[in-house]
Amino acid sequence: MEKTPRHMKLITIETEEDKLLRKEFKKEEKAYQKINRLQNLDSDDEILKMVSKTTSATNFPEFIDPKNRKAPAAQKYPHVYDMNLESKVSSCFIDEEPCVIPAGAKKTAFKTHTEVYIPVANMPQELTVGKELIFIKNLDEVGQKAFHGITNLNRIQSIIFDAAYNTNENLLICAPTGAGKTNVALLTIIHQIKQHIRNNEINKNEFKIVYVVPMKALAAEMTENFSKRLSSLEISVREYTGDMSLTKTEILNTQILVTTPEKWDVTTRKGTGDIALTSLVKLLIIDEVHLLHGDRGPVLEALVARTLRQVKSSRSMIRIVGLSATLPNYKDVACFLKVNFYKGLFYFDDRFRPVPLVQTFVGVRGSGKTLCHEMDKVCYDKVYDMVQKEHQVMVFVHARNATIKTANVFREFSIHRNHQTAFLPQDSNTIGIAKKAFESCHSKELSKLFNSGFSVHHAGLLRSDRDLVEKYFAEGAIKVLVCTATLAWGVNLPAHAVIIKGTDIRDSKQSKFIDLGILDVLQIFGRAGRPQFDSSGHGMIITSHSKLPKYLSLLTNPIPIESCFVKHLANNLNAEVVLRTISNVEEAVMWLSYTYLFVRMLINPQVYGISLEELELDPMLVDKRKELIISAATALDRAQMLRYNERTGNLSFTDTGRTASHFYITYDSVEIFNKCLKPSMNGSEIFQMISDAKEFDQIRDRDFRDNEFHELHALHRKYCRVEIKLDNPSMFTFLERKVNVLLQTYIGRATTTSPPLISDLLYISQNVTRIARALFDMALHRNYAKVSSILLELCKMCEMTQWSFESGLRQFPDVLSPEIIHTIEENKIPYTNIIEMGAKELGILLGNQNEVAAVKKCSMEIPYIEPSSSIQSITRTILKMNVELFPNFEWNDEFHGLTAVAFWIWLEDLEKIFRWKRVLITKNQVIRKETYKFMFKIPLVEPLPSQLCCTSDRWLDSTSILPLTFPHHLIPHCDASMTDVLEQKFE
């Protein structure tokens, strides 16, 4: 009998639970690969073949059966550290209403309010992950230069290091505020830079990196931060926002653009001109990606969808990195960003906070004015308690005027209760310097509050005033700072304690108050605790008693963030059609599959009006997406923004749609403009049309107070030069015309002392030129001669902040003194006359011989062209007009730039524009006095153009008119000669 060979066998003992986990893991891995392949399929039919296998994948969380009420087991991923999955909670009752609170929380009831105190969470086990920190000295040379001055990365940065620094994986990093996400972004930036190093030299023309931040203030901060870090690598970092526009040369020489969602959206909407820029983008970093749930969410969705489609169509690699605060449904956002759950998804809960957080939730009893008064008292007590312990406090309110009101209430409380000394900082040289600085600031309220230990901060303050407040709060000279959410989303300015006073926020679009979102609460709480100074931070929210259970429940069971894309679908569809990435309904339906809206519709269909039965019949929601697209396309067709062919499904844009896309004008505003824009309008009608734009809704819907009414009335009397039709000067009527009054106030260079009106003026200055330019473009394409002329003048008045009837020499404010300009305007001396005057004569008129040379020099530098024309017949019915433009002005780089100045040339008969052209007169042509030549072809039919109009695109008082005559050209008769028809006989 033969001996059988002996073999060693490895026997693995598994429980049933282990087997299920292993199967689930394999199932998820396969499902994820299929989800990724969905985007590469050519049609929805192919997607439908896979739907039964993919909708239950890990990227699309399962539904909870309402009958069974058992949620599916939470999936585990290698880099997700979510204590909430295993956290323990306890229940309590608030006014007989059940409420779930974290274990260890303590509830205390007072006569006027109820408090729930939540201490720092006890860790179920010590965190062992991330203990092996990455030391900078172990990085390559490029990494060491960028992180110069830093010894090592922190725990979170060390965990993410390999994925960020050594791979091209898309990333989603969810971590508490202050955890160091900016340095993670820097790791991905360095990785991208290293890919373009050849022969120890960085090829800077091969790549662009775009860093998207939610606020302009944060853009400036990030630009400064990255510029310092990357200066040793000679990498150029520039801010690219509405306030900081860049020339094409500057963009070409910049490697990292720090921008806002809206600015990058409008940049990528323009297929021509900026296509070279977008094709060079290799890394897109989106900061605060959890803003998907807010008003700016649709912009982020459009950006990501456009980027993902660009990757697919161009077959190029663009890495997407999302940075976020802790999100409840981080897997959905990761799916939207096309992040691999096992390689690129990183979630860190509050255990990773740099400073542990204590939380207090306060519910105040009462209603109306009583509730507000009690909230002020409770809030002051909490502030005083913190200040006594020598802590700084930030109190967040939800309106700009509420900051000063709350700070004054606190100051009065401190006086009545003899608490003044607790709020005053100790005398020092710094305090003396600070007092002098606040005495000279624009807002006088700041000086008065600072002397009591308080201050305020909001976006309505001037930038210099905000910088002053931030500086001295950081230095400890200000004990209590009352502010709006600007400081939570933007500037990094922590304090030991932050208090949210009230949770009612005015929604201008819905014209009602809504509740503050829990993500906003957590973002504000993220400012609590100063790293390296505090052992813990304290976050406190004071709300009405009825809303206390809601916020406590949201803390333990936060609601997933949903998409707002449907509300802005028409605007974004129009942009894609104009960009030519969508040409029919079928392509538009596929485009929607790249949005966060699609992800959430699959997971939570009922929120978007989809029943579970519809989802079963149409698992990929093709019909629902098609319904949304057709609805938006029909609305856009009605607004003349695009043409929708119902039979073929084709979509094509119009001039109006292109204008709306490029100038970032909403569909709602276009409908208003279509209704109001006519061939013949006066200045009053045009000013009111601009004032009615939907972009100014937030100004119209803001609370209007008596003191603002009186100041607005004074501004109207003093600065409004264009008639505003008022049925009666009541507060309501003024509210309707408020934007018009402030627009004219802005053009007239007037100032106001009311902080809300200062804020409104700033908002108008940032948006009115764009809207006016869009209207000019619409009028020009509709060939409205008179309206185009008025609108172009209005554009220039808004840009130069001066009226068209004022002297053109006002455009040289840094050269000519106000007194000289006033004398010129008083004597009504045109700058063309000044050029011809002798020096002695001009000196007598000005009363100042020393200024004559400067005045004549400026007069010669106003761009002015002298047109001439000749007319020839091409055929019996077509004429050729040869136009020559002679630049009759002197070039100055300081005022004209380094390349060219633009002029608009059009043929008109005062009502209609026959032909128009935008020309660029170059610097060399002006210096060499060369004429610019071009040609118009016009039909020889009545009516013929009566004049040639030449006007500067940017400079006021720079228009020349050339009258036209056609003496030797006879208009042919339209009627052809007719003869009788003869009868012919055929044999």
Side-chain angles (χ1 to χ4, degrees), residues 295 506-511 567-568 570-571 574 635-636 638-641 656-657 659-704 708-709 712-713 715-716 719-748 756-757 759-782 784 786-788 790-795 797-798:
D295 290 338
R506 175 79 176 178
D507 187 334
S508 60
K509 293 183 179 178
Q510 301 181 43
S511 296
K567 297 177 184 177
H568 300 269
N571 294 324
N574 177 63
L636 290 169
R638 191 167 54 247
Q640 303 172 34
M641 294 171 72
T656 302
T659 300
S661 176
H662 289 181
F663 288 94
Y664 222 68
I665 304 298
T666 64
Y667 155 79
D668 296 321
S669 289
V670 171
E671 283 198 311
I672 293 171
F673 298 157
N674 283 338
K675 182 179 178 182
C676 298
L677 191 60
K678 299 171 184 176
S680 181
M681 298 176 72
N682 58 34
S684 177
E685 292 170 328
I686 287 175
F687 266 81
Q688 192 53 52
M689 176 175 62
I690 291 177
S691 303
D692 289 339
K694 282 291 181 181
E695 280 77 2
F696 295 125
D697 272 358
Q698 70 177 59
I699 294 178
R700 282 188 290 270
D701 295 336
R702 187 178 57 73
D703 290 343
F704 199 62
E708 290 179 48
F709 168 71
L712 206 61
H713 209 301
L715 293 172
H716 174 233
Y719 295 105
C720 289
R721 299 290 184 265
V722 178
E723 181 188 3
I724 299 177
K725 294 180 180 178
L726 295 172
D727 299 328
N728 57 79
S730 65
M731 184 180 290
F732 176 78
T733 309
F734 252 74
L735 179 60
E736 291 295 310
R737 300 292 182 261
K738 176 183 176 182
V739 177
N740 197 335
V741 173
L742 291 177
L743 170 56
Q744 296 195 49
T745 302
Y746 166 68
I747 293 173
L757 293 181
S759 174
D760 293 340
L761 275 172
L762 178 63
Y763 183 81
I764 286 172
S765 70
Q766 293 169 342
N767 292 277
V768 67
T769 302
R770 171 175 58 84
I771 296 169
R773 285 282 176 183
L775 277 167
F776 166 65
D777 198 59
M778 290 173 65
L780 193 64
H781 281 87
R782 296 181 187 188
Y784 296 167
K786 182 181 177 182
V787 175
S788 295
I790 297 174
L791 280 167
L792 183 56
E793 286 293 303
L794 177 57
C795 294
M797 286 191 291
C798 293

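We count residues from 1, following the sequence as given. Given the structure is predicted, the values throughout are model-derived calculations rather than measurements.
- Residues Phe687 and Arg737 are not in side-chain contact: their nearest non-hydrogen atoms beyond the backbone lie 4.5 Å or more apart.
- Looking only at distances, no side-chain donor or acceptor of Asp760 sits under 3.5 Å from a matching main-chain atom of Ile699.
- For Asn682, there are no side-chain hydrogen bond (donor to acceptor under 3.5 Å, both in side chains) partners, not counting sequence neighbours.
- In this structure, Asn574 and Tyr667 have side chains that are not in contact, with every pair of non-hydrogen atoms separated by 4.5 Å or more.
- Across Ser680 and Lys786, no two heavy atoms sit closer than the pair OG-NZ, 4.1 Å.
- The side-chain heavy atoms of Met778 and Asn674, taken from C-beta on, include a pair separated by under 4.5 Å.
- No side-chain donor-acceptor contact under 3.5 Å links His716 to the backbone of Leu712.
- In this structure, Ile771 CD1 and Ile764 CD1 are separated by 9.5 Å, a value rounded to the nearest 0.5 Å.
- Using a 4.5 Å heavy-atom cutoff, the side chains of Gln744 and Ile724 are in contact.
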field: Working for side chain to side chain contact (heavy atoms under 4.5 Å, CB included), residues Thr656 and Arg782
entry: CA-CA 9 Å; Thr656 302; Arg782 296 181 187 188; 3.5 Å; yes
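- Interatomic distance, Leu792 CG to Asp777 CG, rounded to the nearest 0.5 Å: 11.0 Å.
- Contact detail for Ile690 and Ala772: the closest heavy-atom pair is CD1-CB, 4.2 Å.
- The structure places CD1 of Ile665 at 8.5 Å from CG of Asn767, a figure rounded to the nearest 0.5 Å.
- Expressed to the nearest 0.5 Å, how far CG of Leu761 lies from CG of Leu742 amounts to 5.0 Å.
- Proximity of Glu685 to Lys678: side-chain heavy atoms (C-beta onward) are nowhere separated by under 4.5 Å.
- The side-chain heavy atoms of Ile747 and Tyr719, taken from C-beta on, include no pair separated by under 4.5 Å.
- When side chains are defined from C-beta on, Leu791 does not count as touching Arg773, because their heavy atoms never get closer than 4.5 Å.
- To the nearest 0.5 Å, atoms CG (Leu775) and CG (Leu780) are separated by 12.5 Å.
- Side-chain contact between Gln640 and Val670 is absent, with no heavy-atom pair separated by less than 4.5 Å.
- If you take CD on Gln688 and CG on Leu743, they are separated by 10.0 Å, rounding to the nearest 0.5 Å.
- Judged by distance alone, the side chain of Tyr746 and the main-chain N or O of Cys798 form a donor-acceptor pair under 3.5 Å.
- Here the side chain of Asn571 pairs no donor or acceptor atom with the backbone of Thr666 at under 3.5 angstrom.
- No donor-acceptor pair under 3.5 Å is formed between the side chain of Thr659 and the backbone N or O of Ala774.
- The closest donor-acceptor contact from the side chain of Ser788 to the backbone of Tyr784 lies under 3.5 Å.
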